[in-house]
Amino acid sequence: MQIDDHLPEHIRAVQQSGHPVAWICDPMHGNTQTSASGLKTRHFNNIISELTSSLRIHTECSSRLNGVSLEFTGELNDEGYSVTECLGGSMELSEEELELRYQSFCDPRLNFEQSLDLILTGLPVTQILPSSCPIILKRNDKQGPLTPMHSISNSKSRIN
């Protein structure tokens with residue numbers, strides 16, 4: 001991964017310069033690929049891998065990751081199904097399923113379930129977010145509130 005080859009050097013250079021910096025990880029844009037059908041997509045595992053590497057490298061360099069830039073949506077279609085723009089996640093979204101509900105006009109976004117998957121990966125988000133920054137999961141539809149466990153246990157059935 002390029003992050004392993006370049007980020008440690010950048011962190012050391014900034015530390016040596018003494019300049020204040022806020023480090024932000026954007027694991028979305030460097031991980032865009034084109035599917036066999038020509039749709040622009042991203043794979044959930046690549047996003048998690050880059051974010052995990054960034055956290056590890058910052059820790060090894062006695063630095064701190066100050067933020068993460070993600071593109072995600074809670075958008076559902078009329079039947080209550082999530083968009084299908086990024087591969088993988090607990091839904092195990094495949095290339096063949098991308099066209100089911102691909103709605104982005106620009107960049108592919110993590111869908112509702114994949115966004116919850118990110119939170120539930122066990123990544124130390126408390127290292128990134130201050131304790132005064134709560135994570136709130138909310139869904140506004142007829143089915144009522146959606147808990148993370150409900151999302152994961154029923155996510156595969158939601159793509160059909």
Side-chain angles (χ1 to χ4, degrees), residues 1-3 7 21-59 64-160:
M1 285 174 86
Q2 288 187 358
I3 190 169
L7 184 57
V21 64
W23 294 102
I24 309 295
C25 177
D26 180 352
M28 302 294 285
H29 288 94
N31 289 304
T32 303
Q33 61 193 62
T34 303
S35 70
S37 64
L39 290 172
K40 188 176 178 182
T41 189
R42 299 173 170 131
H43 200 289
F44 181 81
N45 290 347
N46 295 341
I47 295 164
I48 295 300
S49 179
E50 183 167 326
L51 181 53
T52 302
S53 292
S54 183
L55 285 164
R56 176 185 47 76
I57 291 166
H58 277 281
T59 299
R64 182 181 176 113
L65 182 62
N66 301 106
V68 178
S69 175
L70 298 168
E71 294 179 39
F72 58 92
T73 181
E75 186 177 334
L76 303 172
N77 71 3
D78 292 339
E79 291 83 33
Y81 294 111
S82 294
V83 301
T84 54
E85 298 170 0
C86 291
L87 302 170
S90 64
M91 296 173 74
E92 300 177 3
L93 192 68
S94 67
E95 278 200 32
E96 295 76 28
E97 295 166 315
L98 283 177
E99 294 182 38
L100 291 174
R101 284 173 301 286
Y102 194 99
Q103 298 175 3
S104 178
F105 293 108
C106 185
D107 288 329
R109 305 159 294 175
L110 295 170
N111 63 29
F112 183 77
E113 290 82 4
Q114 291 165 330
S115 300
L116 291 175
D117 292 343
L118 182 83
I119 292 170
L120 298 172
T121 59
L123 287 174
V125 292
T126 55
Q127 289 182 9
I128 302 168
L129 301 173
S131 59
S132 60
C133 181
I135 297 172
I136 299 170
L137 306 176
K138 184 177 176 183
R139 180 168 121 187
N140 295 322
D141 66 12
K142 298 174 195 153
Q143 296 178 14
L146 181 64
T147 63
M149 293 311 293
H150 176 83
S151 171
I152 288 176
S153 64
N154 291 327
S155 61
K156 188 66 177 172
S157 63
R158 294 180 54 82
I159 64 171
N160 294 329

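Side chains of N111 and C86 form no contact here, defined as non-hydrogen atoms less than 4.5 Å apart. Between Q33 and T41, the closest side-chain pair of non-hydrogen atoms falls below 4.5 Å.
For S90 against D117, the heavy-atom pair with the smallest separation is N-OD2, 2.7 Å. Taking every heavy atom of both residues into account, F44 and G88 meet most closely at CB-C, 4.0 Å. L98 approaches L93 most closely through the heavy-atom pair CD2-CD2, 4.3 Å.
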Query raised in the report: Between I3 and S54, does a side chain to side chain contact (heavy atoms under 4.5 Å, CB included) hold up when you go through it step by step?
Result: CA-CA 7 Å; I3 190 169; S54 183; 3.6 Å; yes
Query raised in the report: Does the side chain to side chain contact (heavy atoms under 4.5 Å, CB included) test come out yes or no for E92 and L87, once each step is laid out?
Result: CA-CA 7 Å; E92 300 177 3; L87 302 170; over 6 Å; no
Query - Step-by-step side-chain hydrogen bond (donor to acceptor under 3.5 Å, both in side chains) determination, E97 to T84 - result: CA-CA 7 Å; E97 295 166 315; T84 54; over 6 Å; no
Check: residues 24-31 side-chain donor-acceptor pairs under 3.5 Å, at least two apart:
unit_1	atom_1	unit_2	atom_2	d
D26	OD1	M28	N	3.1
D26	OD1	H29	N	3.4
D26	OD1	H29	ND1	3.3
D26	OD2	H29	ND1	2.8
H29	NE2	E71	OE2	2.9
H29	NE2	D107	OD2	3.3
N31	ND2	P27	O	2.7
N31	ND2	E50	OE1	2.9

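Distance check: C106 SG to E85 CD gives 10.5 Å after rounding to the nearest 0.5 Å. For the atom pair CG (L76) and OH (Y81), the distance works out to 11.0 Å, reported to the nearest 0.5 Å. Atom CG in L51 sits 12.0 Å away from atom CZ in R56 (nearest 0.5 Å). Separation of atoms CG (L70) and CD (Q114) is listed at 11.5 Å; rounding is to 0.5 Å. Note that NZ of K40 and OG1 of T32 are 5.5 Å apart. Values are rounded to the nearest 0.5 Å.
Scored by the ring-ring contact (aromatic ring centres under 6.0 Å, His included) test, H58 finds W23 as partners (sequence neighbours excluded). Residues that satisfy the side chain to side chain contact (heavy atoms under 4.5 Å, CB included) test with E96, not counting sequence neighbours, are S94. Residues meeting the side-chain hydrogen bond (donor to acceptor under 3.5 Å, both in side chains) test with S35, sequence neighbours left out: S37. Partners of E75 under the side-chain hydrogen bond (donor to acceptor under 3.5 Å, both in side chains) rule, at least two apart in sequence or in another chain, are R109.
Within a 6.0 Å sphere centred on CZ of F72, heavy atoms belonging to other residues, nucleotides or ligands number 12 at most.
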